[in-house]
Q: 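Sharing a structure below in structure tokens format, with a few things to ask.
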Amino acid sequence: MELQGIDLSVVWAVIIAFGVMMYVVMDGFVLGMGILSPLVRSEQERDVMMRTVAPVWDGNETWLVLCGAALYGAFPLAYSIILQALYLPLILMLCGLIFRGVAFEFRFIASPQKRHLWGAAFVAGSLLATFCQGLVIGTYVAGIHVCNGEFAGGPLDWLAPFPIFCGFGLIVAYALLGSTWLVIKSEGALEGLARQFCPPLAALLVAIVVVICIATPMLHPEIANRWFDHSHQVIFALLVLVALGALTGLMRGLRRRHTYAPFFCTLLLMLVGFVSLASTLWPAIVPPHVTLWDAASPPQSQRFILVGTLFILPLILLYTGWGYYVFRGKVSHEGYEQ
């Protein structure tokens, strides 16, 4: 499906991938706040943690809505298959996000006697949403059973060792992202605690990635053939070098007390993982056998919704960037320090 030499299916795949990555970046460290919250003993420090994301957290789900709408409009077959395969973890994820949002708002207005209950709800919602996102990713990578263009698996296919391991892996990744975010936004004892969290979380994440890299080629032959193909080995070698550079930059930034370097190096690590995943599965949109073009909607539909998306996407980026600019600076018990 091409428009003046442009493959619309590829364009939509890039837009959806960009939306997913933006959600992971924007909401990842917010969920990381909830994951790290039980490790912070002081209630005042927990208040500061939540203030670092209070002005920006509720716009993150915009990216989920964008990805869902784009998948439905541009690849309706993939939308129907993926939702049938992952209804339960997706519903649980949404419940976790809703629970997290309600707890976030109610905690600030709750009485001192009940504040800890909403704090626990914030933690539970963050853990549930993150774990379910990992389940979805793991199930997607492992492959979805499709027959004659319809989902042919069972309702609990996602409840398998590899997706569960990916769920725990994403918890570690978001915790690392959240701790490096706190390095930027907090000060004093909380910043020092966040810096202490980073090295063990980074080491644990590396170990998890190694296990996933060993397990992934075993999932189905197509992945193994691609990974061990000579041209693909060059790509993966480059990605490994970038990942090692990002990991080195992360540890060096922590040692030298840099403020921004640990966070951006962590983002680079996650970007490498995202690109590795995309290059492993390409051009399948429902692994392992349904490609972008198999699942694509008619070109007229893709062109129609592309016009609206190209108008809306810059606006989303604009107000997101403006929000982070306005609420830049460190956060203390008194508020923002510009």
Side-chain angles (χ1 to χ4, degrees), residues 16-38 50 53 56-72 75 78-107 118-144 151 153-178 205 208 212 270 273-274 277-278 281 285-287 316:
I16 293 172
F18 177 74
V20 171
M21 188 62 200
M22 288 298 292
Y23 172 78
V24 168
V25 170
M26 298 297 177
D27 211 33
F29 58 78
V30 181
L31 291 168
M33 294 294 102
I35 295 167
L36 293 172
S37 183
M50 299 184 77
V53 295
V56 295
W57 76 269
D58 51 357
N60 298 331
E61 281 70 25
T62 304
W63 296 105
L64 279 182
V65 175
L66 174 67
C67 292
L71 187 65
Y72 176 78
F75 305 104
Y79 181 89
S80 66
I81 294 172
I82 292 172
L83 259 68
Q84 286 183 73
L86 297 169
Y87 263 130
L88 286 175
L90 287 174
I91 289 173
L92 289 173
M93 180 196 76
L94 292 176
C95 289
L97 291 175
I98 293 170
F99 206 51
R100 185 271 306 263
V102 172
F104 193 99
E105 298 293 346
F106 278 39
R107 184 182 178 277
W118 290 111
F122 179 70
V123 175
S126 300
L127 284 169
L128 178 62
T130 303
F131 183 70
C132 288
Q133 289 175 20
L135 286 176
V136 169
I137 293 171
T139 305
Y140 185 80
V141 174
I144 297 174
F151 174 60
L156 298 178
D157 285 357
W158 50 272
L159 201 59
F162 183 78
I164 291 173
F165 186 79
C166 289
F168 287 111
L170 195 62
I171 288 175
V172 174
Y174 281 177
L176 177 60
L177 194 60
L205 182 61
I208 289 171
I212 291 175
M270 300 190 75
F274 194 76
L277 174 63
L281 300 178
I285 193 169
V286 183
I316 298 175

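All values below come from the heavy atoms of this structure, side chains included, with hydrogens, waters and symmetry mates left out. Remember, predicted model here, so these are calculated numbers, not experimental data.
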Q: Begin with the C-alpha distance, continue with both residues' side-chain angles, and end with the deciding distance and a verdict on side chain to side chain contact (heavy atoms under 4.5 Å, CB included) for Met93 and Leu64.
A: CA-CA 12 Å; Met93 180 196 76; Leu64 279 182; 4.3 Å; yes
Q: Please report the closest heavy-atom contact between Gly134 and Leu170, naming both atoms and the distance.
A: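 Looking at all heavy atoms of both residues, the shortest contact is N-CD2, 3.5 Å.
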Q: Considering only residues two or more places apart or on different chains, which pairs with a residue in residues 156-172 satisfy side chain to side chain donor-acceptor pair (under 3.5 Å)?
A: none
Q: Locate the shortest heavy-atom distance separating Ala103 from Ala121; write the atom from each residue and the value.
A: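 Answer, listing the atom of Ala103 first, then Ala121: CB-CB, 3.7 Å.
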Q: Rounded to the nearest 0.5 Å, how far apart are CG of Leu31 and OG1 of Thr130?
A: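 Those atoms lie 4.0 Å apart.
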Q: With rounding to the nearest 0.5 Å, note down the distance linking CG in Leu135 to CZ in Phe165.
A: 13.0 Å
Q: Of all heavy-atom pairs between Gly169 and Leu205, which one has the smallest distance, and what is that distance?
A: O-CD1, 4.2 Å
Q: Can you name the side-chain hydrogen bond (donor to acceptor under 3.5 Å, both in side chains) partners of Glu61, sequence neighbours left out?
A: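 Scan of Glu61 (side-chain hydrogen bond (donor to acceptor under 3.5 Å, both in side chains), adjacent residues dropped) gives Arg100.
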Q: Rounded at 0.5 Å granularity, tell me how far CG in Leu177 sits from CE in Met33.
A: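 Those atoms lie 8.0 Å apart.
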Q: Looking at residues at least two apart in the chain, or sitting in another chain, which of them share a ring-ring contact (aromatic ring centres under 6.0 Å, His included) with Phe106?
A: Trp118
Q: Mind checking the SG-CD1 spacing from Cys166 to Ile171? Nearest 0.5 Å is all I need.
A: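 Between atom SG of Cys166 and atom CD1 of Ile171 there are 11.5 Å.
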Q: Could you work out, with side-chain hydrogen bond (donor to acceptor under 3.5 Å, both in side chains) as the rule, every residue matching Thr62, not counting sequence neighbours?
A: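 Here the qualifying residues are Tyr319.
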Q: Are Phe29 and Val53 close enough that some pair of their side-chain heavy atoms sits under 4.5 Å apart?
A: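 Phe29 vs Val53: side chains touch.
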Q: Hey, could you give me the CZ/CD1 distance between Phe162 and Ile212, rounded to the nearest 0.5 Å?
A: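 Reported to 0.5 Å precision, the distance equals 5.5 Å.
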Q: Quick one: are Leu97 and Asp27 in side-chain contact, heavy atoms under 4.5 Å?
A: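 Yes. Closest side-chain heavy atoms under 4.5 Å.
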Q: With the side chain counted from C-beta on, respond yes when Val25 and Trp63 share a heavy-atom pair under 4.5 Å apart, and no when they do not.
A: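 The answer is no; the side chains never approach within 4.5 Å.
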Q: Taking only residues two or more places apart in sequence, or in another chain, which ones meet Val123 in a side-chain contact (heavy atoms from CB on, under 4.5 Å)?
A: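 Listed in chain order: Ser37, Pro38, Leu127.
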Q: With Ile82, which residues qualify under side-chain contact (heavy atoms from CB on, under 4.5 Å), at least two apart?
A: Leu71, Ala78, Leu86, Tyr140, Ile144, Val286
Q: Sorted by first residue and then second, give each salt bridge (charged side-chain N to carboxylate O under 4.0 Å, His left out) pair with at least one member in residues 133-144; sequence neighbours left out.
A: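 Matches after skipping sequence neighbours: none remain.
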Q: Locate the shortest heavy-atom distance separating Ile16 from Ala70; write the atom from each residue and the value.
A: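 Looking at all heavy atoms of both residues, the shortest contact is CG1-CB, 3.7 Å.
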Q: Enumerate the residue pairs fulfilling side chain to side chain donor-acceptor pair (under 3.5 Å) with a member in residues 164-176, sequence neighbours excluded, ordered by first and then second residue.
A: Gln133-Tyr174
Q: How many angstroms lie between atom OH of Tyr23 and atom CG of Asn60, to the nearest 0.5 angstrom?
A: 7.5 Å
Q: Quick one: ring-ring contact (aromatic ring centres under 6.0 Å, His included) partners of Phe104, sequence neighbours excluded?
A: Trp57, Phe108, Phe122
Q: Just wondering, do Phe274 and Val20 contact through their side chains at under 4.5 Å, heavy atoms?
A: yes
Q: Scan residues 79-99 for pairs that pass ring-ring contact (aromatic ring centres under 6.0 Å, His included), counting only residues two or more places apart or in two chains.
A: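 Every pair satisfying ring-ring contact (aromatic ring centres under 6.0 Å, His included) with a residue in residues 79-99: Tyr72-Tyr79.
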Q: Do any pairs count as a salt bridge (charged side-chain N to carboxylate O under 4.0 Å, His left out) and have a residue in residues 162-174, sequence neighbours left out, and if so which ones?
A: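 As it turns out, there is no salt bridge (charged side-chain N to carboxylate O under 4.0 Å, His left out) pair with a partner in residues 162-174 once direct neighbours are skipped.
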